Amino acid sequence: MGLFARRRRVVGLDIGSGYLKLVEVDHGGDPPEVSRIAVCPLDRGAIVEGEIMDPVRVAAAIRELVQAAGVEPREVVTALGGHDVFMKKLEMDRVNGPDLGRVVRREAERHVPFDIGGVEIGFHILARDDEGFSGQDGGARVLLVAAKRECVDNRIALLADAGLRPSLMDVEAFALSNAFAHNYPRASEGVITALVDMGHEVTKVNILEGGAPILTRDIPTGSRQLEDALRRGNGVSPDQDEYGFRGRTASVRRENTVDRATTNVAAGIERATALLATQRPGLGLGRVFLSGWGACIPGVADSLARRMNVETRVVNPFERVPIRSGAGGAEVLSDGAAPMLFLPLGLALRSP
């Protein structure tokens, strides 16, 4: 699917299990600037592990978020991910340019675990030998992407109920890597990088080579589980802090709680990189960049770094993308919650 219209301003909408996040980017200058930011929490249970359980409530929350942001978009860029999307890296030989789409479709029929008649298929070229596209010996490495058409239709219907429509339906892994490429253009040169987005209920692990995702994994643990454990340990009620209790007070108990929560995340990253090593011997993980609400919890990045013995950094979505005065979101930014805006920023950075 592509853009229905070309716009100077692009609105990225991240529909997460814990929060709705909106970022508007004005592409009229160089560099592009963030013109609006808005975040609102969702009622627990409205979305569970990426599945929308109460579309009426979610659509109403999206309408309220758009109104609070002070933007009037008819079109937004949003994304699918998790179990709704299948991704696989393919090695392809002797492919002519005009035939690439047909060949990818044929390969999809072999690999996609969904009914092939009910999916939307796309692909992203990771690397190629130009001779392979001119009919000579050679080939390409292609990332196959398939999404269930039912999930795409459901997301379009949800946005329609909120008075919106998607100008582009992206993939979460691509949106995250897009935000990464804009803010850290050289960070993955010469090394394998793990871009880890610790969301409310699910942590997305994207293994990047040259800035492009080559392997993705979802880990069924997120910031909610950690926040609940920290609340219990500190006697804080779930509704005490709009953006979640982050356990700022250092203690051995708190450090142990964070370590236990990050063990599953670290194990998931290690399994993903181990699989990659079997496919590409000699490649090893060089850096970890942490985004999402989990990145805002003190101690998480340090715990991952200790557990994996790899340089681990918390992303700054606005490292190279300036925020315009009056963009809003002051409470989110002042509370240190900027890393949760990495995904919607990547969506809004799609060129109009």
Side-chain angles (χ1 to χ4, degrees), residues 12-23 37-42 47-50 78-82 85 170-180 182-184 187 193-208 213 216-230 241-247 258 261-266 268-269 272 287-305 307-308 312-319 321 329 332-333 335-349:
L13 176 64
D14 176 17
I15 304 172
S17 297
Y19 299 91
L20 298 175
K21 285 90 68 179
L22 180 151
V23 173
I37 294 172
V39 175
C40 75
L42 274 176
I47 299 178
V48 178
E49 295 183 359
T78 189
L80 294 174
V85 176
D170 208 343
V171 175
E172 289 175 348
F174 291 164
L176 289 166
S177 62
N178 190 37
F180 183 75
H182 274 80
N183 284 287
Y184 303 96
T193 303
L195 180 53
V196 180
D197 187 77
M198 191 173 182
H200 196 59
E201 294 183 336
V202 176
T203 296
K204 295 178 279 291
V205 177
N206 300 302
I207 306 300
L208 308 181
T216 66
R217 287 290 183 271
D218 282 356
I219 304 170
T221 187
S223 60
R224 180 177 65 80
Q225 293 91 331
L226 174 54
E227 286 183 315
D228 287 347
L230 289 172
D241 184 352
E242 179 183 0
Y243 292 107
F245 175 70
R246 292 190 289 158
V258 172
T262 57
T263 294
N264 289 339
V265 176
I269 299 170
R287 297 188 186 98
V288 174
F289 284 81
L290 188 63
S291 65
W293 175 236
C296 309
I297 302 175
V300 169
D302 291 340
S303 179
L304 272 178
R307 172 72 168 76
M308 303 187 64
T312 302
R313 298 172 57 183
V314 175
V315 301
N316 175 9
F318 313 111
E319 182 81 12
V321 185
V332 178
L333 300 176
D335 200 40
M340 73 190 300
L341 299 173
F342 208 56
L343 177 54
L345 176 73
L347 295 170
L349 283 170

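Computed from a predicted structure; not experimentally measured.
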Nearest heavy atoms of [X] and [Y], plus distance in Å:
X: Ile269; Y: Ala194; value: CG2-CB, 4.2 Å
X: Pro339; Y: Cys296; value: CD-SG, 3.8 Å
X: Ser223; Y: Ile297; value: CB-CD1, 4.0 Å
X: Ile219; Y: Gly268; value: CD1-CA, 3.6 Å
X: Val315; Y: Ser291; value: CG2-CB, 3.5 Å
X: Asn178; Y: Gly346; value: ND2-O, 2.8 Å

State, yes or no, whether a side-chain contact exists between [X] and [Y] at a heavy-atom distance under 4.5 Å.
X: Asp170; Y: Thr78; result: no
X: Pro213; Y: Phe174; result: yes
X: Val202; Y: Ser17; result: no
X: Val48; Y: Glu201; result: yes

[X]: which residues meet the side chain to side chain contact (heavy atoms under 4.5 Å, CB included) condition with it, sequence neighbours left out?
X: Leu42; answer: Leu20, Ile47, Ala61
X: Ala187; answer: Phe180, Tyr184, Phe289
X: Ser303; answer: Val258, Asp259, Thr262, Arg306
X: Asn183; answer: Glu319, Arg320, Val321, Phe342, Leu345

Salt bridge (Lys or Arg N to Asp or Glu O under 4.0 Å) partners for Lys204, two or more places apart: Glu172, Asp197

Salt bridge (Lys or Arg N to Asp or Glu O under 4.0 Å) partners of Asp218, counting only residues at least two apart: none

Contacts of Asp14 that satisfy side chain to side chain donor-acceptor pair (under 3.5 Å) - sequence neighbours left out: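 With sequence neighbours excluded, Asp14 shows a side chain to side chain donor-acceptor pair (under 3.5 Å) to Lys21, given in chain and number order.
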
Pairing residues for Arg217 by the side chain to side chain donor-acceptor pair (under 3.5 Å) criterion, not counting sequence neighbours: none

Main-chain N/O of Val265 paired to Thr203 side chain as donor or acceptor, under 3.5 Å: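 Such a contact is absent between Thr203 side chain and Val265 backbone.
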
Salt bridge (Lys or Arg N to Asp or Glu O under 4.0 Å): pairs with one or both residues in residues 291-305, sequence neighbours excluded: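 Qualifying pairs: none.
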
Verdict with reasoning, Glu227 to Trp293, per side chain to side chain contact (heavy atoms under 4.5 Å, CB included): CA-CA 10 Å; Glu227 286 183 315; Trp293 175 236; 2.5 Å; yes

